[in-house]
**Q** 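First the structure, which I've put down as structure tokens, then a few questions once you've had a look.
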Amino acid sequence: RVSGDANLRNLTGAIQIQRVGGDLAAQEIGALDVQAVGGDCVVVGATGALAIQRVGGDFHGHSLTGPVRLEGVGGDSTLNVAGGAIHIRTGGDLGLWLEASDGENIRAQSNGDVMIGLSQNANADLDLNSRGRDIKVEIAGRTEEIEKKFHHMVVGEGSQKISVEAGGDICVTDVSG
């Protein structure tokens, strides 16, 4: 337990934290398992599994190798993930950038808008649910605007199942965009 902020750097083993009362910053770490963060959480360079039950504020993750499991983020979330399964629930907007298409399932739920960035070699089977009834797809130089709640699409061979539920709008683009 940490009553204030916590800053973790250059730790290679598995890390378990019950609760951080303030903000959590972790850089160049192995696996991380956290029950609760009261404030914001930033993770850069995680080479192992990342599992966080609750984040009171925003979550920002960069250079994550997965799998990633974020059960409840109160604010906005942005993630850049190199591979592995992903499960995320966020109260605000979600930006999810996928560096590779490795066949692992992805499930994302957001009360706000969602931006999904796919790699150029993506092989994705996408189920998109937008309560805002506005889905935009910008792939391979083409743009399609879909004004409906549900949309299903396949990119490449479709080997990676991606399920997205958004309270607002959804945009799917290729990373080169």
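The analysis underlying the following values was restricted to heavy atoms, covering all of them including side chains, and did not include hydrogens, waters or symmetry mates.
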**Q** Determine whether a donor-acceptor pair (N or O, by modelled atom type, separation under 3.5 Å) exists between the side chain of Asp40 and the backbone of Asp58.
**A** yes
**Q** List the residues meeting salt bridge (charged side-chain N to carboxylate O under 4.0 Å, His left out) with Glu71, not counting sequence neighbours, and say none if there are none.
**A** Arg69, Arg89
**Q** Working to the nearest 0.5 Å, report the span between CG of Leu79 and CG of Leu70.
**A** 6.0 Å
**Q** Check the pair Glu147, Arg133 against side-chain contact (heavy atoms from CB on, under 4.5 Å), reporting the backbone distance first and the verdict last.
**A** CA-CA 5 Å; Glu147 294 184 3; Arg133 294 185 175 271; 5.8 Å; no
**Q** Do Glu165 and Arg131 meet the salt-bridge criterion of a basic N to acidic O distance under 4.0 Å?
**A** no
**Q** Is there side-chain contact between Ile106 and Leu98, with at least one heavy-atom pair below 4.5 Å?
**A** yes
**Q** Under 4.5 Å between side-chain heavy atoms, counting indirect links through other Ile/Leu/Val/Met/Phe/Trp/Tyr residues: same cluster for Leu11 and Leu24 or not?
**A** yes
**Q** About how many Å separate OG1 of Thr78 and NE2 of His62, when rounded to the nearest 0.5 Å?
**A** 10.0 Å
**Q** Please give me the minimum heavy-atom distance between Gly112 and Ala166, naming the atom from each residue.
**A** O-CB, 3.6 Å
**Q** Can you tell which of Thr90, Asp93, Val114 makes a side-chain contact (heavy atoms from CB on, under 4.5 Å) with Ser77?
**A** Thr90
**Q** About how many Å separate CD1 of Ile17 and CG of Asp33, when rounded to the nearest 0.5 Å?
**A** 9.0 Å
**Q** Which residues pass the salt bridge (charged side-chain N to carboxylate O under 4.0 Å, His left out) test with Asp127, not counting sequence neighbours?
**A** Lys161
**Q** Would you say Ile116 and Val164 make side-chain contact, with heavy atoms under 4.5 Å?
**A** yes
**Q** Would you call Asn80 and Leu96 a side-chain contact if the rule is heavy atoms closer than 4.5 Å?
**A** no
**Q** Under the salt bridge (charged side-chain N to carboxylate O under 4.0 Å, His left out) test, which residues partner Lys136, sequence neighbours left out?
**A** Glu138
**Q** Taking the side chain as C-beta and beyond, is there a heavy-atom pair between Met115 and Cys171 under 4.5 Å?
**A** yes
**Q** Do Asp76 and His60 pair up side chain to side chain, a donor and an acceptor below 3.5 Å, judged on atom types alone?
**A** no
**Q** Please, which pairs that meet side-chain hydrogen bond (donor to acceptor under 3.5 Å, both in side chains) have at least one residue in residues 15-26, sequence neighbours excluded?
**A** Arg1-Gln18
**Q** Report the residues that fulfil side chain to side chain donor-acceptor pair (under 3.5 Å) with Thr65, sequence neighbours left out, ordered by chain and then residue number.
**A** none
**Q** Do any N or O atoms from the side chain of Gln160 and from the backbone of Glu104 form a donor-acceptor pair under 3.5 angstrom?
**A** yes
**Q** Give the C-alpha distance, both sets of side-chain angles, the deciding distance and a yes or no for side-chain contact (heavy atoms from CB on, under 4.5 Å) between Asn129 and Lys149.
**A** CA-CA 6 Å; Asn129 177 349; Lys149 187 174 181 179; 3.6 Å; yes
**Q** Closer than 3.5 angstrom, by distance alone: can the side chain of Asp113 be matched with the main-chain N or O of Asp169 as a donor-acceptor pair?
**A** yes
**Q** Run the side-chain donor-acceptor check on residues 41-56: report pairs under 3.5 Å with partners two or more places apart or on a different chain.
**A**
from: Thr47; atom 1: OG1; to: Ile29; atom 2: O; distance (Å): 3.3

**Q** Nearest 0.5 Å, what's the CD1-CG distance between Ile170 and Leu128?
**A** 5.0 Å
**Q** Working to the nearest 0.5 Å, report the span between CD1 of Ile88 and CZ of Phe59.
**A** 7.0 Å
**Q** Between Val155 and Asn123, is there a side-chain heavy-atom distance shorter than 4.5 Å?
**A** no
**Q** Output yes when a side-chain donor or acceptor of Ser130 lies under 3.5 Å from a complementary backbone atom of Gly168, and no otherwise.
**A** yes
**Q** Can you measure from OG (Ser163) to CG (Leu126) and round to the nearest 0.5 angstrom?
**A** 9.0 Å
